[in-house]
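All chains are named by letter (A, B, ...) in the order of the sequence lines, taking the proteins before the strands, and each is independently numbered beginning at 1.
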2 protein chains.
Amino acid sequence: MIVNSIQNINSWITQIHNDFKAAVSVDCVIFGYDDSSLKILISRCDMPPYENELSLLGDLVHPDETTDEAAKRVLLAKTGFDDVYLDQVQVFSSTDRHPLGRVITVAYYSLVKIDDDHLAHIGSNDFLLWKPVYEVSSLAFDHIEIMQTCLRKLQKQLREQPIGFKLLPKKFSLLQLQRLYEVILNIKLDKRNFRRKLKSLGILKELGEIQESVSHRPASLYAFDEKIYEKKKKSGFSFEL
Amino acid sequence: MIVNSIQNINSWITQIHNDFKAAVSVDCVIFGYDDSSLKILISRCDMPPYENELSLLGDLVHPDETTDEAAKRVLLAKTGFDDVYLDQVQVFSSTDRHPLGRVITVAYYSLVKIDDDHLAHIGSNDFLLWKPVYEVSSLAFDHIEIMQTCLRKLQKQLREQPIGFKLLPKKFSLLQLQRLYEVILNIKLDKRNFRRKLKSLGILKELGEIQESVSHRPASLYAFDEKIYEKKKKSGFSFEL
DNA sequence: CCAAAAGTGTTATATTTACACCCATGC
DNA sequence: GCATGGGTGTAAATATAACACTTTTGG
């Protein structure tokens, strides 16, 4: 016997327009990398019963936008950037996850460069702060679970896609890049092997510039070459660390 | 300036309970493997304007269940199995994707063994059919896009997780397994290298049984050893094809 | 001259690829 | 006896892992 819960079109219409509606939100785990540590941008929560907690940045999805668009809107509002990297991670839909009613949320993670422009943008806002991921131990709602799931996805993606660059300044040294991988993946990498590997991928361009005013031998600077990467990708190349 | 669209708790309550509600559904791409081909289970669609099309199996998410539970419910109703492999893939939320109103859908793919029990279960149902993936060129709603996204995810997962076994009978030959990988990934594999690789992973147990009544030398039969796999996974082993 | 990071090669090991023939069974 | 898939090993090429010292700069 087939149990078919969709009886007919009238029951569909009733259900879509009345019985089975839920609020849908997006929640963004916004990753930034600064001072050799991976941070997330979080906000003071103003909703009971979580008034004294911190929470991820999110909002309800409006009737006229997709969830991707809603996530972009939240990102633009909170970081001031509209070209951030966004990755849809997972839906969280426990029936009791939100105190005010049924809210199904779509989790995204995003990668931003924490630079001076950006810090100026959020600087005046008392409700926003960057906090090292490994120091975030409690958040409102089910946001800790969302954060952990997004962190695992970031770790996986970092090994499979050239996205680490999105957390670094446009110009970076190879050691900076190595440290980023070490911090996020929580592993130790061999300097010589790492450099050989990255160079052999052929997706970095050496800029012919060097670091300035560092109290050690200045490193030469590199940038990620998006065009070459896209070309290589089309001919079957795949990034793998 | 920070644009904060969440003004206060009263506006949240209004939005959650009225303004910004949507229907949420799940859609399942149910993969089965039969007769050396990858198939999906689809249904005749009974909703205008798609009455003459085929569609994925799905339903609205009920107020008292998570999306995972809704997907399980759909699977149980349509296939009769309650222990199927389910993987949440992605949200599809175009504002115009559903003719009857705003319906945000969560796509899942699942893997089932097409066996006699199962065929008996759906046999009498005129609305359900198994169709080879590569012959499905049009579906109702945005279901073609959902199917393609799920197929790509399946292909990726197949290389990273030992899930191919879920599409095969409990006992299988190494060639059956190889054909499955070849068909789903659309590649050609070397017999000797494939066998060496799979055996070296140590997650197959040789059953000491052989095929019966085949018109060629009978192959010995293997089974996936879930326990050993789980043990190896805990100690850092990762499946990779 | 000291501290700090930059930069550079070689060797051993493990993994991957390519490749061809005889075997057992049913008809 | 023939068609069909079952089953096996080796060598070459490639990729990975381990490892230590000299160089350049600022202070």
Return the set of residues passing side-chain contact (heavy atoms from CB on, under 4.5 Å) with [X] (not counting sequence neighbours), or none when no residue passes.
| X | result |
| --- | --- |
| B:Ile228 | B:Asp225, B:Lys232 |
| B:Lys113 | none |
| B:Glu209 | B:Lys171, B:Leu207, B:Leu221 |

- Message: Check this one for me: any side-chain N or O of B:Lys199 less than 4.0 Å away from OP1 or OP2 of D:dG7?
- Response: no

- With sequence neighbours excluded, residues passing side-chain hydrogen bond (donor to acceptor under 3.5 Å, both in side chains) with A:Gln178: A:Glu182

- Contacting residues from residues 214-225 of chain A, given that a heavy atom lies under 4.0 angstrom of DNA chain D: A:Val214, A:Ser215, A:His216, A:Arg217, A:Pro218

- Looking at residues at least two apart in the chain, or sitting in another chain, which of them share a salt bridge (Lys or Arg N to Asp or Glu O under 4.0 Å) with B:Asp190? none

- Sorted by number, the residues of residues 187-194 of chain B with heavy-atom contact under 4.0 Å to DNA chain C: B:Asp190, B:Arg192, B:Asn193

- Item | Nucleotide nearest B:Lys197 (side chain, heavy atoms from C-beta), chosen from C:dT16, C:dA6, D:dT16 | C:dT16

- Message: Please enumerate all residues that pass ring pair (Phe, Tyr, Trp, His ring centres under 6.0 Å) together with A:Phe239, with sequence neighbours excluded.
- Response: none

- Note on the structure: Taken to the nearest whole Å, CD/B:Glu240 to C1'/C:dT15 is 13 Å

- In whole angstroms, the gap separating C1' of D:dG26 from CD of A:Glu212 amounts to 14 Å

- After noting the C-alpha distance and the side-chain angles of B:Lys233 and B:Glu230, does the key distance pass the salt bridge (charged side-chain N to carboxylate O under 4.0 Å, His left out) rule? CA-CA 5 Å; B:Lys233 201 168 65 168; B:Glu230 290 301 332; 3.7 Å; yes

Show me, pair by pair, the donor-acceptor contacts under 3.5 angstrom made by side chains of residues 127-135 of chain B, not counting sequence neighbours?
unit_1: B:Trp130; atom_1: NE1; unit_2: B:His118; atom_2: NE2; d: 3.3

